[in-house]
A.B. asks: 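Let me begin by handing over the structure; questions about it come next.
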Amino acid sequence: MGTRLTMPTPGDYLLRRDVCSYGYFLLAPNHWDPRTETLTRSLDLSGGIAAVRIGQPGRGKALVIEGDRRLSRGEQAEVKRLVTRMLHLNDVSVGAFHKVDGRWKKSGRGRLFRSPTFFEDLIKTVASCNVTWPSTIVMNRRLCEVISPAFPSAQQLARRREATLRARCRVGYRDKRMVELGKLVAGGEVEPAWFEDRGNSDEAVYKALLALPGIGPYAAANVMQLLGRYSRVAIDTESVRHGKAVLGMTGTAKQIEKQVVAHFEPFGEHRFRSYWFELWDFYEKKHGPAWTWERDSTGKMFTAASLTKE
DNA sequence: GGTAGACCTGGACGC
DNA sequence: GCGTCCAGGTCTACC
């Protein structure tokens, strides 16, 4: 018999909207079920791995979390802490975002889904660089199948041979970078708490991210938003497509990138959210609300190349 | 400071 | 079934 717990949410919180707000909800070990509107995944807890299923009976209602085994009091607290990070439950800046960009007030969009840990977000971002989305899906699935069903921890990756990651997890040349990131975090040279600390400036965090292996300008800006720092737009080929197709920009890719950055300047500290929800809106207009996407069909094709072909 | 080329994988396409 | 091309950011070497 597993443990069942409840967690209060902010009054505006809507699980299906706020989980299905960023592509990581389609990546292992996360599994969103469109029929039951629940999120299931394994978590690495002090007493071992446990799978949890998270549901919500209605907008603003408490979350109902069911574990697949009995959880100690300490583990229940861990689950709540990890779920709070994943679902961004403690984000108090949604109202401020809606004041700056009123387009999303009605739908209530503002929170972006992320991982239970900074390290998982880091590796997921590296696994999304220079690769098409279906390969990112495979890398995440294989990392969970081969190393840990709750997603590899820094310690686990630090111990792995690069060749294993390449051959069995299909991460390609990212093997070395992932093991290095594991070693840096496991060895304490990179402290997740420092990156999470709101006392450190966006500029300092961005610079520190750029110094990490496998993290360039796009990845650093993306990890920034996953940290709840939305002052930078993460520019990639998708930004160029958006600039051309939706914002009517013209010129070379480099020129469009600059125009996109300039376009979102007025949104100040909320630039990324304004940019991202425009993109997300574009996907949803083509494929319906993200909470209805099936992981193995729509969920495999929702980015740039596949969309522009349609 | 800017840029060319290498780095891998998987899918699309032509034969 | 096989070979070729292409998409996708980061890193290094070089100018």
Side-chain angles (χ1 to χ4, degrees), chain A residues 22-24 26-28 119-147 152 157 160-185 190 195 203 205-227 232-245 251-261 272 275-276 279-280 282-283 286-287 294-310:
Chain A
Y22 192 67
Y24 289 5
L26 295 161
L27 298 178
F119 185 70
E120 184 176 329
D121 275 339
L122 210 51
I123 298 299
K124 275 184 156 57
T125 298
V126 170
S128 72
C129 287
N130 195 31
V131 74
T132 54
W133 184 248
S135 291
T136 300
I137 292 177
V138 170
M139 284 183 220
N140 278 271
R141 196 185 68 226
R142 297 291 295 159
L143 283 167
C144 293
E145 287 171 354
V146 173
I147 302 176
L157 277 188
R160 284 289 172 157
R161 284 208 298 266
E162 292 163 11
T164 306
L165 289 186
R166 179 178 295 228
R168 299 188 62 199
C169 304
R170 315 268 172 87
V171 302
Y173 65 87
R174 299 163 197 80
D175 56 353
K176 194 170 190 290
R177 297 169 187 179
M178 288 182 177
V179 172
E180 279 177 20
L181 285 170
K183 285 179 179 169
L184 286 169
V185 173
V190 169
F195 289 88
E203 210 44 50
V205 170
Y206 183 67
K207 203 174 156 192
L209 286 168
L210 281 180
L212 299 178
I215 305 292
Y218 161 77
N222 192 57
V223 175
M224 292 277 288
Q225 68 87 4
L226 292 162
L227 285 164
R232 284 175 185 274
V233 176
I235 295 291
D236 60 2
T237 50
E238 189 59 355
S239 320
V240 176
R241 179 204 58 74
H242 186 71
K244 279 190 203 169
T252 64
K254 278 273 171 236
Q255 290 168 332
I256 292 174
E257 284 178 9
K258 286 182 181 168
Q259 291 173 60
V260 170
V261 170
F272 183 85
Y275 161 75
W276 183 255
L279 280 190
W280 207 245
F282 175 80
Y283 300 149
K286 288 202 171 258
H287 298 291
E294 296 282 352
R295 184 180 59 177
D296 298 327
S297 51
T298 313
K300 277 190 177 169
M301 50 165 296
F302 79 100
T303 48
S306 7
L307 281 169
T308 41
K309 275 180 193 161
E310 287 178 34

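In the text below, chain A, chain B and the rest are named by the order of the sequence lines, each starting its count at 1.
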A.B. asks: Take Arg232(A) and Glu203(A) through the salt bridge (Lys or Arg N to Asp or Glu O under 4.0 Å) test and state the conclusion after the steps.
C.D. replies: CA-CA 10 Å; Arg232(A) 284 175 185 274; Glu203(A) 210 44 50; 3.1 Å; yes
A.B. asks: Restricting to side-chain hydrogen bond (donor to acceptor under 3.5 Å, both in side chains), what partner residues turn up for Asn140(A), sequence neighbours left out?
C.D. replies: Lys124(A)
A.B. asks: Can you give each donor-acceptor pair under 3.5 Å made by side-chain atoms of residues 215-224 of chain A, sequence neighbours left out, with the distance rounded to 0.1 Å?
C.D. replies:
unit_1    : atom_1 : unit_2    : atom_2 : d
Asn222(A) : OD1    : Tyr22(A)  : OH     : 2.7
Asn222(A) : OD1    : Gln225(A) : NE2    : 3.2
Asn222(A) : ND2    : Tyr22(A)  : OH     : 3.3
Asn222(A) : ND2    : Tyr24(A)  : OH     : 3.3
Asn222(A) : ND2    : Thr125(A) : OG1    : 3.3

A.B. asks: Can you name the atoms? Protein N/O to nucleotides 2-8 of chain B N/O, anything below 3.5 Å, with the distance.
C.D. replies:
unit_1 : atom_1 : unit_2    : atom_2 : d
dC8(B) : OP1    : Arg166(A) : NH1    : 3.0
dC8(B) : OP1    : Arg166(A) : NH2    : 2.6
dC8(B) : O5'    : Arg166(A) : NH1    : 3.4

A.B. asks: Would one find a side-chain N or O of Thr132(A) under 4.0 angstrom from OP1 or OP2 of dT9(B)?
C.D. replies: no
A.B. asks: Search all heavy atoms of Cys169(A) against all heavy atoms of Ile147(A) and return the closest pair with its distance.
C.D. replies: SG-CD1, 4.4 Å
A.B. asks: Distance-only, no hydrogens or angles: does the Arg142(A) side chain make a donor-acceptor pair with backbone N or O of Arg168(A) under 3.5 Å?
C.D. replies: yes
A.B. asks: How would you list, by chain and number, every residue that makes a salt bridge (Lys or Arg N to Asp or Glu O under 4.0 Å) with Glu294(A), sequence neighbours excluded?
C.D. replies: Arg35(A)
A.B. asks: So Leu212(A), base contact, sugar-phosphate only, or nothing? Heavy-atom distance under 4.0 Å.
C.D. replies: sugar-phosphate
A.B. asks: Under the rule for side-chain contact (heavy atoms from CB on, under 4.5 Å), what residues qualify as partners of Val261(A), not counting sequence neighbours?
C.D. replies: Ile235(A), Glu265(A)
A.B. asks: Report for the helix from dG1(B)-dC15(C) to dC15(B)-dG1(C): angle between first-end and last-end helix axes, five pairs each, rounded to 10 degrees.
C.D. replies: 40°
A.B. asks: Using the side-chain heavy atoms of Arg170(A), tell me which of these nucleotides is nearest: dG10(B), dT10(C), dG8(C).
C.D. replies: dG10(B)
